[in-house]
Amino acid sequence: MPISPLHAPVLAWYAEHARDLPWRRPDATPWGVLVSEVMLQQTPVNRVLPAYAEWLERWPTPSALAADTPGEAVRQWGRLGYPRRALRLYAAAHTITERHDGAVPASYDDLRALPGIGDYTAAAVASFAYGQRHAVLDTNVRRVLTRVVDGVRYPPTATTARERRTAQDLLPDAPATAARWAVAVMEVGALVCTAAAPRCDSCPLYRECAWRQAGRPDHDGPPRRRQSYEGTDRQCRGRLLRVLRESDGAVPKARLDAVWPDPVQRERALDTLVADGLVEPLARGRYRLPTGVAAVVPSG
DNA sequence: AATGCGTGGAC
DNA sequence: TGTCCAAGCAT
């Protein structure tokens, strides 16, 4: 789309209100952008900030990470959550080192082929790190466009073809402008057009927004299902892995048994951690974070 | 396509 | 205080 009435207010707002985040600074490398995007998958900015700095200080390049062990990546990941991301980022560093001469690829397709990099992250890195023109469709952008364009409070559960078409159609023609637009819409969603308590009075799209014009109607339809957490395998996995993260070397199984009372669930959770490559079983009932690349890095 | 996958802060 | 939420991905 050459020009949309949405562009100017969003770009002007961003110029004034954008947060000074380290992965947006001019000295941020494509590797830094990639690391930030993976960390930001389901983890809030405030918790990513220190983890990002420590990660890049330790592993300033993909090849530096690839030279370490997957277990160290999991340990350094700390409490960001969803530790399989650490494993996939480690595997991505190997792929980048071996197939891309150590440079984070610039093409969407090459990025998309990396482990742990889906549609959103591939578009985000291509756009933010390399200034390309892509529809960057994350939960923030989906929410903003659903409200502004469709006049509906929340986007559908799963991303639809129509949403992709809308986002694509709204992209400015010039790649640099499209990249700025992408990050700017995301920022509006993160700071103003938030999920629970949108600040419409401060919104650059106040006038244009169909949802605001309609009087901010509530969401109709079936109530949104949330996954429970207390007592789940996920919680159990989290406790087990925390023991290993915070221990040097191998840990006797008794240490793991101590953090979860139900033995059936505990064994199941431990099995899935091993299957995921997050935990390495050793002889005589000992366990540790993984040390070998074979189970983690895709071959071919 | 619906699920499983961590963690902690905000209210 | 329990519920909701936070720049998704893989299967």
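Computed from heavy atoms alone, side chains included, the values below leave out hydrogens, waters and symmetry copies. Quick note on labels: first sequence line is chain A, next is B, and so on, each numbered from 1.
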In whole Å, I'd like the distance from the [atom1] atom of [X] to the [atom2] atom of [N].
X	N	atom1	atom2	result
A:Y154	C:dC4	OH	P	10 Å
A:N46	C:dA7	CG	C1'	13 Å
A:Y120	C:dA10	OH	P	14 Å
A:R112	C:dC9	CZ	C1'	8 Å
A:R88	B:dG4	CZ	C1'	11 Å
A:L89	C:dG8	CG	P	16 Å
A:R75	B:dG6	CZ	P	17 Å
A:Y82	C:dA6	OH	P	13 Å

Going by atom types alone, do [X] and [Y] pair a side-chain donor with an acceptor below 3.5 Å?
X	Y	result
A:E37	A:Y120	yes
A:R164	A:T159	no
A:R234	A:Q227	yes
A:Q76	A:W55	no
A:Y52	A:R47	no

Would you say [N] has OP1 or OP2 under 4.0 Å from some side-chain N or O of [X]?
X	N	answer
A:R79	B:dG6	no
A:Y229	B:dT7	yes
A:R142	C:dA6	no

Select base, sugar-phosphate, or nothing to describe what [X] touches, counting heavy atoms under 4.0 Å on all strands.
X	value
A:R19	base
A:W23	base
A:D119	sugar-phosphate
A:Q227	base
A:I117	sugar-phosphate

ask   = Starting at the 5' end of DNA chain B and moving along, which residue's nearest nucleotide shows up first, A:T232 or A:A158?
value =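 Result of the comparison: A:A158.
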task = May I ask you to verify whether the side chain of A:R234 and the base of B:dG4 hold a donor-acceptor pair under 3.5 Å?
result =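 Counting by modelled atom types and ignoring angles, no donor-acceptor contact under 3.5 Å is found here.
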ask   = Taking the six-membered ring for Trp, are A:Y108 and A:H134 parallel (under 30°), tilted (30 to 60°) or perpendicular (over 60°)?
value =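 Because their plane-to-plane angle is under 30°, the rings of A:Y108 and A:H134 count as parallel.
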task = For A:E267, enumerate each residue passing the side chain to side chain donor-acceptor pair (under 3.5 Å) test, keeping only those at least two apart in sequence or located in another chain.
result =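 Applying side chain to side chain donor-acceptor pair (under 3.5 Å) to A:E267 gives A:K253.
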key: For A:R84, side chain to side chain donor-acceptor pair (under 3.5 Å) partners two or more places apart   =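 Applying side chain to side chain donor-acceptor pair (under 3.5 Å) to A:R84 gives none.
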inquiry  = Say we look at C:dA7 and B:dG4: how far apart would their P atoms be, to the nearest angstrom?
reply    =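 Going atom to atom, P in each nucleotide, I get 23 Å.
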key: Contact nearer the 5' end of DNA chain C, comparing A:L114 with A:V45   =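 Result of the comparison: A:V45.
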key: 5' priority, DNA chain C, between A:R85 and A:A196 [closest heavy atom]   =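 By nearest-heavy-atom nucleotide position, the 5'-most residue is A:A196.
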Contact residues, [range] to DNA chain C [heavy atom, < 4.0 Å]:
range	answer
residues 178-195 of chain A	A:M186, A:A195
residues 29-44 of chain A	A:E37, A:L40, A:Q41, A:Q42, A:P44
residues 245-275 of chain A	none

Can you tell whether the side chains of [X] and [Y] come within less than 4.0 Å, N to carboxylate O?
X	Y	value
A:D110	A:R99	no
A:D150	A:R162	yes
A:R24	A:E187	yes
A:R58	A:E54	no

message = Suppose we screen for side chain to side chain contact (heavy atoms under 4.5 Å, CB included). Which residues come up paired with A:P60, at least two apart in sequence or across chains?
response =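 Scan of A:P60 (side chain to side chain contact (heavy atoms under 4.5 Å, CB included), adjacent residues dropped) gives A:A64.
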key: Selection from B:dT7, B:dC5, C:dA10 that lies nearest to any side-chain heavy atom of A:R47   =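 Comparing B:dT7, B:dC5, C:dA10 against the side chain of A:R47, the answer is B:dT7.
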